[in-house]
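Residue numbers count from 1 along this sequence.
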Amino acid sequence: MIEHYGWSASLAETFEPHAQAGHTPGRVILQQRDGYVVATDDGDVRAKVSGRLRHEAKEIGHPAVGDWVAVSPSEKERTATIHAILPRRTAFVRRAADSMRKLQILAANVDVAFIVTSLNADLNLRRIQRYLAAAWESGARPVVVLTKSDLCDDPQAQAASVVALDPGCPVLMVSARQGQGLDALLAQVGRGETCVLIGSSGVGKSTLVNAFLNEDRMATQAIRENDDQGRHTTSHRQLVLLPNGRLILDTPGIREVGLVDAEAGVSAVFEDIEGLLPNCRFTNCSHGSEPGCAVQIALQGGTLDPDRWAHFQKLTLETTAAEHKQERAAKAAERRRLGALQKVYRATKRNDRGAAD
Ligand code: GDP
Ligand code: ZN
């Protein structure tokens with residue numbers, strides 16, 4: 001049963017000490033204000049965090065949807081206790097505004113982040129870049145999805161400007177309405193892997209989830225339970241099993257992950273790096289071989305991860321290039337539009353003359 005949720009031999013190995021302590025493995029499928037629902041081999045159980053884990057959570061964050069946890073079911077209260085969180089392979093993290101040290105985990109153990117944007121509106125490359133940064137930061141593989149291809153005359157041109165942002169990231173086009181491109185999308189997710197859809201509201205995320213499910217998810221994947229007062233309630237899974245053995249994690253928090261710092265752009269995700277730059281000796285430092293370069297010092301001192309620095313450079317450089325390209329494309333389109341208008345204008349004039357004759 002937990003195999004469906006992606007349980008593996010290597011997770012079992014990590015879990016060994018917890019198994020020896022008599023605990024059961026499970027995956028968090030729903031987070032509520034007053035607790036969690038955890039999928040285990042004995043079915044879905046309501047669970048609360050142990051006092052000790054609550055204390056540890058100051059450092060590792062509270063359990064989040066997608067987390068693998070160690071639980072001990074308790075018969076009489078019908079509520080299990082979460083004792084530990086297994087190390088997260090990936091995590092979408094938000095730092096509380098008031099304190100850099102307070103971590104809020106939006107989603108854990110996500111393998112693929114679909115960055116969703118629609119082709120019927122102008123592409124916002126900055127926003128896509130922000131989502132890309134958030135995905136990289138989490139450790140998930142980003143895949144850009146351009147939706148509503150049925151509403152766009154020249155989807156290839158739009159796709160090309162996104163490919164320019166990051167040549168290593170797949171860019172796929174879909175039309176949920178025409179049922180096109182959905183298989184290619186799901187092919188990005190392996191069996192037992194978890195994906196998320198992130199992007200602004202209205203781009204077609206719910207439509208995609210429903211297309212993946214081939215049915216109405218609200219109706220089929222509800223969790224029936226009794227609340228503390230014994231009332232019967234229904235809630236919806238936030239970690240949903242797809243018919244083909246994939247999983248989709250869907251919460252309001254994760255959907256809008258890139259919008260959290262809408263104004264701050266890349267700096268929201270690369271705050272530490274942006275903080276370094278003003279410390280370079282020269283204001284026009286290219287962070288190469290200049291003396292007194294704060295970036296090189298951090299890299300050599302091991303306080304800045306070279307991969308993160310590479311991503312940061314890639315993002316900042318390539319967006320600028322992509323924006324220039326988009327600007328040129330927009331200017332060319334404007335010239336074509338004016339040319340076409342002129343043709344229409346001349347034709348009308350000819351017709352007017354013809355009518356006057
Ligand atoms: P969300 O806010 O991102 O979850 O977006 P929704 O899934 O609610 O979709 C927003 C609107 O776009 C709805 O009216 C959908 O019917 C429409 N929509 C979604 N996918 C497509 C598509 O492939 N083609 C067209 N033409 N419309 C779509
Ligand atoms: Zn520098």
Side-chain angles (χ1 to χ4, degrees), residues 2-8 10-11 14 25-31 36-39 60-69 82 85-95 103-117 127-145 166 168-172 184-200 203-206 208-209 212-213 217 221 236-242 244-261 268-269 307-308 311:
I2 56 171
E3 272 73 26
H4 296 154
Y5 284 93
W7 184 249
S8 63
S10 85
L11 279 168
T14 313
R27 195 163 184 200
V28 176
I29 59 171
L30 175 65
Q31 180 170 11
Y36 298 87
V37 176
V38 177
I60 57 169
H62 288 280
V65 178
D67 261 328
W68 286 102
V69 292
I82 301 178
I85 305 169
L86 296 198
R88 302 177 172 111
R89 264 182 308 106
T90 75
F92 280 90
V93 176
R94 174 154 65 197
R95 283 172 211 284
L103 289 183
Q104 189 192 354
I105 312 294
L106 296 173
N109 301 315
V110 170
D111 300 285
V112 177
F114 288 118
I115 296 165
V116 187
T117 188
R127 185 181 293 148
I128 298 175
Q129 178 199 44
R130 222 154 44 225
Y131 285 123
L132 280 170
W136 272 316
E137 184 82 328
S138 78
R141 312 192 291 275
V143 174
V144 176
V145 183
D166 175 18
C169 168
V171 177
L172 301 174
L185 209 59
L186 278 178
Q188 297 287 328
V189 190
R191 202 160 249 290
E193 285 194 329
T194 302
C195 65
V196 291
L197 298 174
I198 59 181
S200 314
V203 295
K205 296 181 299 299
S206 314
L208 279 177
V209 173
F212 287 164
L213 282 169
R217 84 184 253 237
Q221 299 213 12
H236 304 294
R237 270 160 219 266
Q238 293 170 334
L239 184 64
V240 180
L241 291 166
L242 298 178
N244 55 10
R246 276 75 176 160
L247 293 127
I248 190 159
L249 190 158
D250 192 16
T251 66
I254 191 66
R255 280 181 161 218
E256 293 175 4
V257 70
L259 300 180
V260 174
D261 303 289
V269 196
D307 284 345
R308 265 172 62 71
H311 271 146

Min side-chain heavy-atom separation S206-V209 under 4.5 Å: no
Side chain proximity check, C195 to L249, heavy atoms < 4.5 angstrom: no
Point-to-point distance, once rounded to the nearest 0.5 Å, from CG of L186 to CZ of F114: 6.5 Å
Heavy-atom pair of closest approach, residues A113 and F92: CB-CZ, 4.0 Å
Audit row: L185, Q188, side chain to side chain contact (heavy atoms under 4.5 Å, CB included) steps and yes/no: CA-CA 6 Å; L185 209 59; Q188 297 287 328; 5.6 Å; no
Nearest heavy-atom neighbours spanning P142 and I115: CB-CD1, 3.9 Å
Backbone of P63 reached by a side-chain donor or acceptor of Y36 within 3.5 Å: yes
Listed partners of T194 passing side-chain hydrogen bond (donor to acceptor under 3.5 Å, both in side chains), at least two apart: R27
salt_bridge(D111, R89) N-O dist < 4.0 Å: yes
Reported CH2-to-CH2 distance for the pair W7 and W68, which is rounded to 0.5 angstrom: 6.0 Å
Salt bridge flag under 4.0 Å for residues E193 and R141: yes
Evaluation steps, side chain to side chain contact (heavy atoms under 4.5 Å, CB included), between L30 and L239: CA-CA 7 Å; L30 175 65; L239 184 64; over 6 Å; no
Side-chain H-bond candidate by donor/acceptor type, T117 with R127, under 3.5 Å: no
Euclidean distance, S138 OG relative to I198 CD1, rounded to 0.5 Å: 7.5 Å
P170 side chain reached by V144 side chain, heavy atoms, under 4.5 Å: no
Heavy-atom closest pair, residues A108 and D67: CB-OD1, 3.3 Å
Non-hydrogen side-chain atoms of V65 and I29 separated by less than 4.5 Å: no
Main-chain N/O of G199 paired to K205 side chain as donor or acceptor, under 3.5 Å: yes
From L106 atom CG to Q31 atom CD, the distance as rounded to the nearest 0.5 Å: 9.5 Å
I248 side chain reached by L197 side chain, heavy atoms, under 4.5 Å: yes
Step-by-step side chain to side chain contact (heavy atoms under 4.5 Å, CB included) determination, N244 to F212: CA-CA 9 Å; N244 55 10; F212 287 164; over 6 Å; no
Working for side chain to side chain contact (heavy atoms under 4.5 Å, CB included), residues L247 and V189: CA-CA 9 Å; L247 293 127; V189 190; over 6 Å; no
N/O donor-acceptor pair under 3.5 Å between N109 side chain and G66 backbone: yes
Rounded distance (nearest 0.5 Å) linking atom OG of S200 with atom OH of Y131: 4.0 Å
